[in-house]
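Working notes for the structure below.
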Amino acid sequence: MAAKIGCQARLWLRETQDLGSILPTIGRDLGAAGYEGLEIGYAYVNDPKDIAAYRRAVDGNGLKTAGIHVGGAWHDAAVAREKALPQARAAADFAGAVGAEYLVVSTGRKQDGQLTQAEISVQVAHLTELCAYTADKGVMPLLHNHQHEFADGARVFRGIMSGIDADSLGLCLDINWAMWAGADGVAVLKEHYSRLRMVHVRDTVNDVVCVEVLGEGDVELDEIFSVLRARDYPHWVLYEWSACDPTTDRPTAEIARLNQEFLRHSLS
């Protein structure tokens, strides 16, 4: 079974911060480019109650919602109770209503150093509570990593993975963030493959300068794709644009199309 090809809607941040207002355009462009689905941050959904409008923009263009993305400072007990959990529950409600496959969950980094073991335990407890909530919504939560979870020998990442059952929490591996923290991306992919439901990829030059089209940088992407091809990976692979200045004057729709073609070729 072939991998499913998707795109993070944040690519259109090249044009506007108000992604919700141009979601019909995003859906049209991704559908025309041949994508199977998209992921979008819950914060960018202008009116979560207008399910019909969302589905016209996404489903109406032949796309599936691979995931709804939400974040939070899960290690901070007060912030998690007052903000992160309520927002994540609302995102899970929305994800279930629009037929999203996954709730993609990021964890906030601590501003003054690495998390303590106690804070990792607090984080695991709150994420476990969220997993229990999503179970009734038919939406599986996926941990989405950034660089900080893989710092210090991936202590935070491993704490979450070992602290929550794989049947409750899957993995959206942002392979570039992991590698930028010094991890062996291919080794991480293989070790946690059974939990993997989504992969985010981007390309850069010297791990610093963002490029908008996969294959135009120097990230060894084929080593990653070869693992997925060898295992006949059937889940999502999404192109995710980094928050950087545009590196070309090509239209966003063209950037999307070129990345779809690269992913389709690389994974087939």
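We count residues from 1, following the sequence as given.
- The backbone N or O of Val156 lies less than 3.5 Å from no partner atom in the side chain of His148, so there is not a single donor-acceptor pair.
- Side chain of Asp174 to main chain of Asn145: no donor-acceptor pair is present (N/O by atom type, distance under 3.5 Å, no hydrogens or angles).
- Taking the side chain as every heavy atom from C-beta outward, Asn259 and Val213 approach each other to under 4.5 Å.
- With hydrogens and angles ignored, the 3.5 Å screen pairs a side-chain donor or acceptor of Gln260 with a backbone N or O of Gly34.
- If you run side chain to side chain contact (heavy atoms under 4.5 Å, CB included) between Glu36 and each of Ile5, Leu63, Leu30, only Ile5 comes through.
- Aromatic ring pairs are classed by plane angle as parallel below 30°, tilted from 30° to 60° and perpendicular above 60°; the pair His144 and His200 is tilted.
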Pair Gln117-Ile120, side chain to side chain contact (heavy atoms under 4.5 Å, CB included): steps then yes or no
CA-CA 5 Å; Gln117 284 304 125; Ile120 294 174; 3.7 Å; yes
Would Arg158 and Asp152 satisfy salt bridge (charged side-chain N to carboxylate O under 4.0 Å, His left out), going step by step from the backbone distance to the final call?
CA-CA 11 Å; Arg158 293 189 179 281; Asp152 192 21; over 6 Å; no
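- By the salt bridge (Lys or Arg N to Asp or Glu O under 4.0 Å) test, Glu261 is found to be paired with Arg257, residues two or more places apart in sequence or in another chain being considered.
- In this structure, the side chains of Val227 and Glu223 stay at 4.5 Å or more apart for every pair of heavy atoms.
- Under the 3.5 Å distance criterion, the side-chain polar atoms of Glu191 are left unmatched by any main-chain donor or acceptor of Val188.
- In terms of heavy atoms, Thr204 sits closest to Cys210 at CG2-CA, 4.2 Å.
- A donor-acceptor pair under 3.5 Å is absent between the side-chain atoms of Tyr133 and the main chain of Ala92, judged by distance alone.
- Taking both residues in full, the closest heavy atoms of Phe157 and His192 are given as CE2-NE2, 3.4 Å, listed atom of the first, atom of the second, then distance.
- Atom CG of Leu11 sits about 12.0 Å away from atom CZ of Arg202, to the nearest 0.5 Å.
- Between Tyr54 and Phe94, the ring center distance clears the sub-6.0 Å criterion.
- For CZ of Arg264, the number of neighbouring non-hydrogen atoms (other residues, nucleotides, ligands) closer than 6.0 Å is greater than 12.
- The structure places CG of Leu127 at 5.5 Å from CH2 of Trp74, a figure rounded to the nearest 0.5 Å.
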Side chain to side chain contact (heavy atoms under 4.5 Å, CB included) for Ile175 and Val219? Distances and angles first, verdict last.
CA-CA 11 Å; Ile175 198 131; Val219 177; over 6 Å; no
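- Counting heavy atoms from C-beta outward, Phe225 and Leu263 have side chains that approach closer than 4.5 Å.
- There is a side-chain donor-acceptor pair under 3.5 Å between Glu101 and Trp236.
- The shortest non-hydrogen separation linking Ser21 to Asp18 is OG-O, 2.8 Å.
- Summarising the geometry, atom CG belonging to Asp167 is positioned 9.0 Å from atom CZ belonging to Arg195; distances are rounded to the nearest 0.5 Å.
- The nearest pair of heavy atoms linking Pro141 to Cys131 is CG-SG, 3.6 Å.
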Between Lys137 and Arg89, does the side chain to side chain contact (heavy atoms under 4.5 Å, CB included) criterion hold? Intermediate values first, please.
CA-CA 10 Å; Lys137 305 297 176 181; Arg89 290 190 189 107; over 6 Å; no
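- Atom CG of Leu13 sits about 5.5 Å away from atom CH2 of Trp241, to the nearest 0.5 Å.
- Considering only heavy atoms from C-beta on, Leu228 comes within 4.5 Å of Leu196 through its side chain.
- For Lys64, the NZ atom is loosely surrounded, since the number of other residues' heavy atoms within 6.0 Å does not exceed 12.
- A donor-acceptor pair is defined here as one N or O able to donate and one able to accept, closer than 3.5 Å; such a pair exists between the side chain of Arg155 and the backbone of Leu115.
- Between Glu149 and Met161 there is no side-chain heavy-atom pair separated by less than 4.5 Å.
- Side chain of Glu15 to main chain of Trp12: no donor-acceptor pair is present (N/O by atom type, distance under 3.5 Å, no hydrogens or angles).
- Contact check for Ile164 versus Leu143: no side-chain heavy atoms found under the 4.5 Å cut-off.
- Contact between Asp203 and Asp218 at its shortest, heavy atoms only, is OD1-N, 3.4 Å.
- Neither Met198 nor Phe150 shares a network with the other; the hydrophobic side chains, linked directly or stepwise wherever heavy atoms of I, L, V, M, F, W or Y lie under 4.5 Å apart, form separate groups for each.
- When each of Val124, Thr134, Leu142, Ile160 is checked for a side chain to side chain contact (heavy atoms under 4.5 Å, CB included) with Leu169, only Ile160 meets the rule.
- Distance CD1/Ile26 to CZ/Arg10: 11.5 Å, rounded to 0.5 Å.
- One hydrophobic cluster, built from ILVMFWY side chains closer than 4.5 Å, holds both Tyr35 and Leu267.
- Taking hydrophobic clusters as Ile, Leu, Val, Met, Phe, Trp and Tyr residues chained together by side-chain heavy-atom distances below 4.5 Å, Ile22 shares a cluster with Val45.
- One finds the NZ atom of Lys110 at 11.0 Å from the CD atom of Gln123 (value rounded to the nearest 0.5 Å).
- In the hydrophobic clustering of this structure, Val58 does not group with Val104; members are Ile, Leu, Val, Met, Phe, Trp, Tyr whose side-chain heavy atoms approach within less than 4.5 Å, directly or through other members.
- With contacts defined as side-chain heavy-atom distances shorter than 4.5 Å, the pair His69/Ser106 qualifies.
- For Tyr102 and His235, the ring centers are positioned 6.0 Å apart or more.
- Between Lys49 and Asp93, none of the side-chain N atoms (NZ, or NE/NH1/NH2) sits under 4.0 Å from a carboxylate O, so this pair counts as no salt bridge.
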Verify side chain to side chain contact (heavy atoms under 4.5 Å, CB included) between Arg231 and Lys190, making sure each step is shown before the conclusion.
CA-CA 10 Å; Arg231 301 191 183 204; Lys190 290 178 177 179; 3.6 Å; yes
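- A 4.5 Å side-chain heavy-atom check between Leu238 and Val201 finds every atom pair outside the cut-off.
- Of the possible polar contacts, one joining the Tyr239 side chain to the Glu212 backbone as a donor-acceptor pair under 3.5 Å is found.
- Cluster annotation: Met140 and Tyr193 are assigned to distinct hydrophobic clusters (Ile/Leu/Val/Met/Phe/Trp/Tyr, side-chain heavy-atom contacts under 4.5 Å, transitive).
- Annotation for Val79 and Ala73: closest pair CG1-CB, 3.9 Å, computed over non-hydrogen atoms.
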